Amino acid sequence: MEETKALIQQRRDKLHEIREFGVEPYPHKYEPTHTTSVVHRDFAETQETPDETQRIRLAGRIMTKRDHGKSSFAHLQDSEGRIQIYVRRDKVGAEPYLIYRRFDVGDIIGVEGVVFRTRTGELTVLVDAVQLLSKSLRPLPEKWHGLQDKQTRYRQRYADLIMNPEVKNVFIKRTQIVQAIRDMLNAQNFIEVETPVLQPIYGGASARPFTTYHHTLAQSLYLRIANELYLKRLIVGGFDRVYEFSRDFRNEGMDRDHNPEFTMLELYQAYADYRQIMALTETLIANTVARIHGTTKIPYQEHEIDFTPPWRRLTMIESIREHSENLDPGALSADALYSEAVNAGVALAGDESKGEIIAELFDAFVEPKLIQPTFITDYPIEVSPFAKKKPDNPAFVERFEFFISGMEVGNAFSELNDPVDQRQRFIEQANRLENGDEEAFMLDEDYLRALEYGMPPTGGLGIGIDRLTMLLTNQYSIRDVILFPQMRPES
RNA sequence: GAGCCGUUAGCUCAGCAGGUAGAGCAUCUGACUUUUAAUCAGGUGGUCACAGGUUCGAUCCCUGUACGGCUCACCA
């Protein structure tokens, strides 16, 4: 149906006419000598008269076209930018010009010629040979307003990228962010590894998994919700510093900072504790910001975020004291804390432990207010089954998360390496799993076996790469930093 | 999962106490060899998301569905 629509049919007709001239509309290759940005740089001094000895070949997509009888102006867009071309019948010849007249906005062409400046001052390629490289059959969005509709932008990211150069910049920056982190970690002798995405037992985070099935093995497998337990197996095996940019999958809701699949950097460093990881974290991120922006103070939405170390750090208890109205979880019994929390409007089921209530209070009162980079330390043990207890207070663990603009961006702890303690924590989780908590952990005997061989004291860190990219590119939604965000099927 | 808002031409958007729709750009025809949101003249293009209901009559009012956006919930 759609294929017969008038605009597409017109282009099919032109395609046919072009073939009748003996021209192949989809040739196999073209060899440009320049890109648009190189032309703009190398010919910056060029005036109205072209230097006939400096011939160039450019390839790109026609983005505008203004026909004037026996001549025509157009703009060509390549991966780096745009440049105007000027096609004249007396330069390219009568028949090639007839063929050119059948080119449309959206077509990909190659041009050859010299560079000059028009009387309005625009650097322009005076074309004496033009070749179709790919005929476009589908009209692009309008040249002035571009493509606005979010649904179309997400579903047809290719069209979004053609029409909105700032979108492309976001994704280039995303790659640069990952590259910057990778470079710094490599320079510190971290080893980048790859661990299973398909896992027989999921773990390392609290989340519902995606489940799939392996026919030959006749068993269920899970898409990883984290790669934590595999990286720590590698620490056991003697890799003292490992990391992985891990695509993780969580079968949960979608909103401005959650996508069902997302990217997490996890790293583990043997012989370090969470304090060292804290120092590593702020350095890593501040240096990344500086490398991308040339400064450590950048705007995000309505705020200016200052990434300059050291970041503020306070314990979870302190943060609740600071941001709630006189709630001091440290001084209250579990029952008293429960009443206070309910009075303060926190939704609780009633069966929460004290530590879980503390975590809920933090989520309700503190998290949204943490705009500047802030480390929150010392989490309740109940919500931290892989973290080592505080030596002086076994109700809490050596753990921190860091928050920016009200978003949790990273999570770290001194890794629990006592296999007996770890088994006990697994058993508590297994009970919750039996009671229907789909997000509780499965008991992972193989992981416990690894710990029984002995894992050195280790610090571990996870950083949400999508959220970090949102912050460093000033994007409001995670969908704007994921090339192909999850969408419901069209109709 | 809930609430609110949206869905009109290829794109960006108007519109209507309820009387079967408009603009700009794109597209088509013609003119035009330094234009640039080119210009000038004349055309084409719509199941007004989908399905019901109310009505003499529905793009408009009502209900449902689909998809999307925002907020909330879930998600450490």
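Below, chain A is the first sequence line, B the second, and so on; all start at residue 1. Because the structure is a prediction, the values reported are computed rather than measured.
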Is there a Watson-Crick or G-U wobble partner for [N] with both distances under 3.5 Å, and which nucleotide is it?
N: B:A41; value: B:U29
N: B:A73; value: none
N: B:U34; value: none
N: B:U20; value: none
N: B:A66; value: B:U7

Has [X] got a side-chain N or O lying under 4.0 Å from the OP1 or OP2 atom of [N]?
X: A:Arg89; N: B:U33; result: no
X: A:Arg256; N: B:G69; result: no
X: A:Arg66; N: B:A38; result: yes
X: A:Lys5; N: B:G45; result: no
X: A:Arg88; N: B:U33; result: no
X: A:Lys14; N: B:C28; result: yes

Centroid-centroid under 6.0 Å between A:Phe386 and A:Phe426 rings: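 Judged by ring-centre distance (under 6.0 Å), A:Phe386 and A:Phe426 do meet the cut-off.
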
Sub-6.0 Å ring centroid separation between A:Phe362 and A:Phe403: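 Centroid distance A:Phe362-A:Phe403: below 6.0 Å, so yes.
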
Pick base, sugar-phosphate or nothing for [X], based on heavy-atom distances below 4.0 Å to the nucleic acid.
X: A:Asp363; answer: sugar-phosphate
X: A:Glu252; answer: sugar-phosphate
X: A:Met163; answer: nothing
X: A:Glu48; answer: nothing

Is [X] side chain donor-acceptor paired with the [N] base, going by distance under 3.5 Å alone?
X: A:Arg119; N: B:U34; answer: no
X: A:Asp67; N: B:C32; answer: no
X: A:His258; N: B:C75; answer: yes
X: A:Glu122; N: B:U35; answer: no

Exam field: side chain A:Lys168 to backbone A:Ser79, donor-acceptor pair closer than 3.5 Å: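 Yes, A:Lys168 side chain to A:Ser79 backbone: donor-acceptor pair under 3.5 Å.
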
Donor-acceptor under 3.5 Å (A:Lys369 side chain, A:His323 main chain):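 Pair found, side chain donor or acceptor close to backbone of A:His323.
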
Nearest-nucleotide comparison on RNA chain B, the residue closer to the 5′ end among A:Met487 and A:Tyr476: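 Looking at RNA chain B, the more 5' nearest nucleotide goes with A:Met487.
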
Toward the 5' end of RNA chain B, by each residue's nearest nucleotide, A:Ser206 or A:Ser71: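 The residue closer to the strand's 5' end, by nearest nucleotide, is A:Ser71.
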
Salt bridge flag under 4.0 Å for residues A:Arg224 and A:Glu244: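 Result for this pair is yes, salt bridge flagged.
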
Nearest to side-chain heavy atoms of A:Gln148, which nucleotide of B:G10, B:C13, B:A38: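 Within the option list, the nearest is B:C13.
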
Proximal nucleotide (of B:U12, B:A76, B:G68) relative to the A:Glu401 side chain: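 The answer is B:A76, which lies nearest to the side chain.
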
Syn/anti state for B:U34 [syn: chi within 90° of 0]: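 With its glycosidic angle more than 90° from zero, B:U34 counts as anti.
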
Sub-4.5 Å side-chain heavy-atom contact between A:Ile8 and A:Arg138: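 Yes, side chains in contact.
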
